[in-house]
Student: 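Mind looking over this structure? Questions follow.
Residue numbers count from 1 along this sequence. The basis for the numbers below is simple: all heavy atoms, side chains too, and nothing from hydrogens, waters or symmetry mates.
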Amino acid sequence: VPLDSVEAKESLAFVLGSQLWSLHNPQHFADGTPYTGTSLPEMPDINHMIQTGKAKLKTFDLNPGDVLVFSAHTAHGGPGNWGRALSTRWTGDATIFW
């Protein structure tokens, strides 16, 4: 839930269709390094996939109070400062944590 307006060019970006991919090793938000010890395969080179037309991104203009809901399985990231926002994680009874 953004608390500030964010233009699409600076907002969180999603790789269209990536929610259908098998799981990949996540990366740390702060520096983009992969997590260790997960036994999951590396994340594909998304920048290369975009440059070669094998992937497309979706971004959104967001205003205070908008709600952006997505699956954590969707590959996502962004270029910069998204402003202030409230972020929550919702899980169900069958959720398994590694």
Student: Is there side-chain contact between Pro34 and Met43, with heavy atoms separated by less than 4.5 Å?
Tutor: no
Student: For Ile50, enumerate each residue passing the side-chain contact (heavy atoms from CB on, under 4.5 Å) test, keeping only those at least two apart in sequence or located in another chain.
Tutor: Ile46, Ala55, Leu57
Student: Report the residues that fulfil side-chain hydrogen bond (donor to acceptor under 3.5 Å, both in side chains) with Thr88, sequence neighbours left out, ordered by chain and then residue number.
Tutor: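 If we apply the side-chain hydrogen bond (donor to acceptor under 3.5 Å, both in side chains) test to Thr88, skipping adjacent residues, the hits are Trp90.
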Student: Applying side-chain hydrogen bond (donor to acceptor under 3.5 Å, both in side chains), can you list everything that pairs with Ser87, at least two apart in sequence or on another chain?
Tutor: Arg89
Student: To the nearest 0.5 Å, tell me how far Ser5 OG sits from Leu62 CG.
Tutor: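 Rounded to the nearest 0.5 Å, the OG-CG separation comes out at 9.0 Å.
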Student: Tell me, which pairs form a side-chain hydrogen bond (donor to acceptor under 3.5 Å, both in side chains) where one or both residues lie in residues 16-35, sequence neighbours left out?
Tutor: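 Every pair satisfying side-chain hydrogen bond (donor to acceptor under 3.5 Å, both in side chains) with a residue in residues 16-35: Asn25-Thr38, Asp31-Thr33.
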Student: Mind listing the side-chain donor-acceptor pairs of residues 66-78 below 3.5 Å, one per line with the distance, residues two or more places apart or on another chain?
Tutor:
unit_1: Asp66; atom_1: OD2; unit_2: Asn63; atom_2: N; d: 2.7
unit_1: Ser71; atom_1: OG; unit_2: His73; atom_2: N; d: 3.0
unit_1: Thr74; atom_1: OG1; unit_2: Ser71; atom_2: O; d: 3.3
unit_1: His76; atom_1: ND1; unit_2: Thr74; atom_2: O; d: 2.6

Student: Show every side-chain hydrogen bond (donor to acceptor under 3.5 Å, both in side chains) that has at least one partner inside residues 39-51, sequence neighbours left out.
Tutor: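 Pairs touching residues 39-51 that pass the test: none.
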